[in-house]
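Have a look at the structure below before the remarks.
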Number of protein chains: 2
Amino acid sequence: MKDLTARQKEILGFIHEYIQTNNYPPTVRETARAFSISVKGAYDHLKALEKKGCIKTSEKRSRSIELVAPPEDDTPVVQIPLLGEIAAGKPIFADENFERTILVPADIVANRVPHFALHVKGDSMIDAGILSGDIAIIERSETAKNGDIVVALLEENVTLKRFYIENNRFRLQAENPRYAPIYTQDLRILGRLRGIYRSY
Amino acid sequence: MKDLTARQKEILGFIHEYIQTNNYPPTVRETARAFSISVKGAYDHLKALEKKGCIKTSEKRSRSIELVAPPEDDTPVVQIPLLGEIAAGKPIFADENFERTILVPADIVANRVPHFALHVKGDSMIDAGILSGDIAIIERSETAKNGDIVVALLEENVTLKRFYIENNRFRLQAENPRYAPIYTQDLRILGRLRGIYRSY
DNA sequence: CTGTATACTATACATGAGCATAGGAGCCCA
DNA sequence: TGGGCTCCTATGCTCATGTATAGTATACAG
């Protein structure tokens with residue numbers, strides 16, 4: 001699939017676009033016309049592309065170009081729940097919190113661990129490029145490593161902070177100098193930050 | 001789309017299957033052969049299907065049958081191209097820049113305007129919560145309003161900045177005090193920022 | 001009873017389309 | 001220096017294909 005010459009890439013690109021807009025592939029002559037070259041010129045390119053495995057054609061049939069392994073390799077997506085207002089005292093994963101589902105590329109949700117999403121509120125993580133209103137994609141996990149950004153349950157409040165283990169306590173560190181670190185010995189980690197999604 | 005006769009449904013079903021297996025639509029004669037009827041018989045059916053809006057054809061073009069409103073198109077996500085390294089001097093939308101496609105929720109790509117995505121490089125927009133490595137989802141547009149974050153082509157460099165119109169010039173403003181604003185009278189806007197996507 | 005739609009057959013024609021032969025120019029490798 | 005690859009022109013053959021005319025038969029609606 002590699003080893004394509006510049007010209008061949010152009011031709012392949014044209015076929016792509018053509019199919020995109022017409023839903024059916026071009027003829028040899030249409031390809032030739034698109035590049036202002038002779039029919040045989042285009043024909044040779046198509047045969048070269050076929051030999052290189054980028055394309056498949058059926059003999060003697062018009063418009064029988066098929067793209068082999070087209071770029072759109074089904075990048076799958078997964079649906080994860082977006083949790084809305086997290087009321088103090090309620091279990092975070094209760095049904096009441098469910099707002100809607102959002103779709104995220106499956107490569108984020110790499111391992112088969114469940115994920116969820118939260119609206120970010122406040123500016124405590126602003127220096128990490130996380131703004132109020134962003135959607136945070138969280139991998140559900142009870143544990144975290146030093147320096148991970150986590151969603152933690154802290155005295156019935158849910159908060160997004162950077163997480164550190166110190167001698168005999170945990171430190172939850174905002175990424176904003178106006179917020180002091182929180183020290184606690186009693187906290188529950190709900191998940192680790194895996195992605196941020198923002199819409200303008 | 002309703003009011004199809006039994007025969008017409010059969011024909012439409014055949015076209016469906018044919019495209020499914022071949023990736024390209026059948027010819028009139030292939031359709032005729034499949035039902036052991038005459039060419040004109042099949043031709044009339046196709047024209048009837050077209051009149052009823054189930055199918056679209058282009059005049060005088062072989063294999064130009066297109067299915068109108070194919071079974072299920074309620075995909076809440078859309079694929080947009082992720083452009084990679086933008087080399088100076090090269091057209092940004094050239095095929096060489098194509099890296100892969102990414103999936104974004106369709107509500108971002110609300111209007112039918114084409115979108116694309118870019119890797120963010122550098123820290124010039126850090127105070128807007130846009131970090132190096134983020135993926136920016138851009139709505140293709142030649143224009144922008146005051147204060148929009150835009151992708152602009154500036155002396156063969158592509159840059160992401162906040163855009164302002166001043167008396168007789170444009171101002172491209174970084175969101176980082178260490179970067180001075182850029183003033184120019186000659187710039188081309190490539191698109192407006194619609195979303196940010198970050199993966200940890 | 002007539003008009004209109006469906007569902008065909010049979011035949012025909014101009015152009016569309018795949019494929020081929022012959023050849024040329026430039027390039028890199030051995 | 002020669003062979004093989006890419007990229008192209010020009011011309012042509014043959015069959016595929018969309019479209020058309022003319023006609024048959026059935027059914028249903030006003």
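In the model, B:Arg63 has a side-chain atom that pairs as donor or acceptor with a side-chain atom of A:Ser62 under 3.5 Å. A donor and an acceptor atom, one from each side chain of B:Tyr18 and B:Glu30, are located under 3.5 Å apart. Using modelled atom types, one finds no donor on one side chain facing an acceptor on the other under 3.5 Å when comparing B:Lys40 with B:Ser38.
Within 4.0 Å (heavy atoms only), A:Ser36 reaches sugar-phosphate atoms of the nucleic acid but no base atom. Counting non-hydrogen atoms under 4.0 angstrom, B:Thr27 reaches the backbone sugars and phosphates but no base.
Atom pair B:Glu50:CD and C:dT6:P shows a separation of 14 Å (rounding to whole Å applied). If you take CZ of B:Arg33 and C1' of C:dT9, they are 17 Å apart, rounded to a whole angstrom. In this entry the distance linking CG of A:Asp44 with P of C:dG23 reads 16 Å, nearest Å. C:dG18 atom P lies 9 Å from atom OH of A:Tyr43, rounded to whole Å. One interatomic measurement links the two molecules: CZ of B:Arg63 to C1' of C:dG16, which rounds to 12 Å at whole-angstrom precision. Atom C1' of nucleotide C:dT6 and atom CZ of B:Phe35 are separated by 15 Å, given to the nearest angstrom. The CG atom of B:Leu46 sits 13 Å away from the P atom of C:dA7 (whole-angstrom rounding). C:dA7 atom P lies 14 Å from atom NZ of B:Lys40, rounded to whole Å.
When each of C:dG18, C:dT6, C:dC19 is scored by its nearest atom to the side-chain atoms of A:Lys47, the top-ranked nucleotide is C:dC19.
A heavy-atom distance below 4.5 Å is found between the side chains of B:Leu193 and B:Ile138. In this structure the side chain of A:Ile55 reaches within 4.5 angstrom of the side chain of A:Leu12, judged on heavy atoms. Looking only at side-chain heavy atoms (C-beta outward), A:Ile149 and A:Leu160 come within less than 4.5 Å of each other.
Salt bridge absent: B:Lys161 and B:Glu175 never bring a charged side-chain N and a carboxylate O closer than 4.0 Å.
Residue whose closest nucleotide on DNA chain C sits further toward the 5' end, between B:Arg29 and B:Ser62: B:Arg29. Residues A:Ile37 and A:Lys51 both approach DNA chain D. Their nearest nucleotides, taken by heavy-atom distance, put A:Lys51 toward the 5′ side.
Remark: side-chain polar atoms of B:Asp134 are not paired, donor with acceptor, to backbone N or O of B:Tyr197 under 3.5 angstrom. The backbone N or O of A:Phe170 lies less than 3.5 Å from no partner atom in the side chain of A:Gln185, so there is not a single donor-acceptor pair.
For DNA chain D, the outermost nucleotides in 5' to 3' order that have an atom under 4.0 Å from a heavy atom of chain A are D:dT6 to D:dT17.
Each end of the helix from C:dC1-D:dG30 to C:dA30-D:dT1 gets its own rotation axis from five pairs of C1' atoms, and the angle between them is 30° to the nearest 10 degrees.
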